[in-house]
Amino acid sequence: MTDRPSSTQGPPPSVPRLEHHTLERIETVWLGLATVIALLLFTSVLASFLSGTIPSLSGEGGHQLTGVAKGRLDPKDIASTPFATPGLRENPDGTLEAFVVAKAFAFDPPVLRVPAGRPITFHITSADVMHGYQVEGTNINVNVIPGQVASFTTTFRYTGTRSAVCNEYCGTGHHNMIGRVIIEAPKP
Ligand code: CUA
């Protein structure tokens with residue numbers, strides 16, 4: 001018989017025992033990691049505020065829309081609202097409004113032309129089921145809910161053509177529900 005240590009003499013020396021010291025060191029590491037994550041979150045949120053990439057969603061965009069009350073309308077009676085003639089319009093006070101109707105499986109207008117560098121208030125509604133309206137490469141991303149009007153004001157900084165996609169599953173044609181926003185240089 002060799003004199004191997006019996007199991008009653010505790011764990012072999014290669015396994016670190018969880019002493020007060022060890023636990024304290026592990027806790028310090030976790031605290032350090034948590035501090036780094038908190039700092040990263042703080043700076044990224046701050047950077048997003050400073051660069052103006054936060055979404056600027058606003059109620060009715062300061063405009064009263066016929067047939068729309070508190071952001072709601074009757075989806076069966078879109079004809080009596082400005083959504084009857086979707087597209088971009090310039091108001092007498094010089095402000096720009098874009099009306100978009102989402103309907104399985106297209107946006108109306110399918111191609112929206114807007115000027116760069118001018119604030120545009122979008123109003124989007126659905127004529128049937130829930131859709132989404134996300135403009136690729138921008139922070140525009142709203143749910144389009146029947147009976148409700150999604151309104152927000154945005155200014156496009158760059159010219160070019162962007163896809164407007166439906167990002168809410170709405171039926172068999174969902175993946176084909178793609179419109180376009182053409183951002184043009186402002187007319188002099
Ligand atoms: Cu409309 Cu998906």
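Predicted, not measured: the structure shown is a model, and the values here were computed from it. When a ligand or atom number is given, it counts from 1 through the structure's own listing order. In what follows, residues are counted from 1 in the order of the sequence shown.
Nearest to atom 2 (Cu) of ligand 1, among the N, O or S atoms that His174 has, is ND1. The N, O or S atom of His131 lying closest to atom 1 (Cu) of ligand 1 is ND1. Looking at Glu168, its N, O or S atom nearest to atom 2 (Cu) of ligand 1 turns out to be O.
Residues Met177 and Val142 are members of one and the same hydrophobic cluster, defined by side-chain heavy-atom contacts under 4.5 angstrom among Ile, Leu, Val, Met, Phe, Trp and Tyr.
Each of Ile120, Asn141, Ile140 was evaluated against Phe152; a single residue qualifies, Ile140, per the side chain to side chain contact (heavy atoms under 4.5 Å, CB included) test.
Asp93 places a side-chain N or O within donor-acceptor distance of the main-chain N or O of Thr95, the cut-off being under 3.5 Å.
Around atom 2 (Cu) of ligand 1, the angle linking Cys170 (SG) with Cys166 (SG) is 110°, rounded to 10 degrees.
Taking the six-membered ring for Trp and thresholds of 30 and 60 degrees, Tyr133 and Phe122 have ring planes inclined between 30 and 60 degrees apart.
Contact annotation: Met177 places an N, O or S atom under 2.8 Å from atom 1 (Cu) of ligand 1.
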Taking it one step at a time, do Phe105 and Thr172 satisfy side chain to side chain contact (heavy atoms under 4.5 Å, CB included)? CA-CA 9 Å; Phe105 299 101; Thr172 51; 4.0 Å; yes

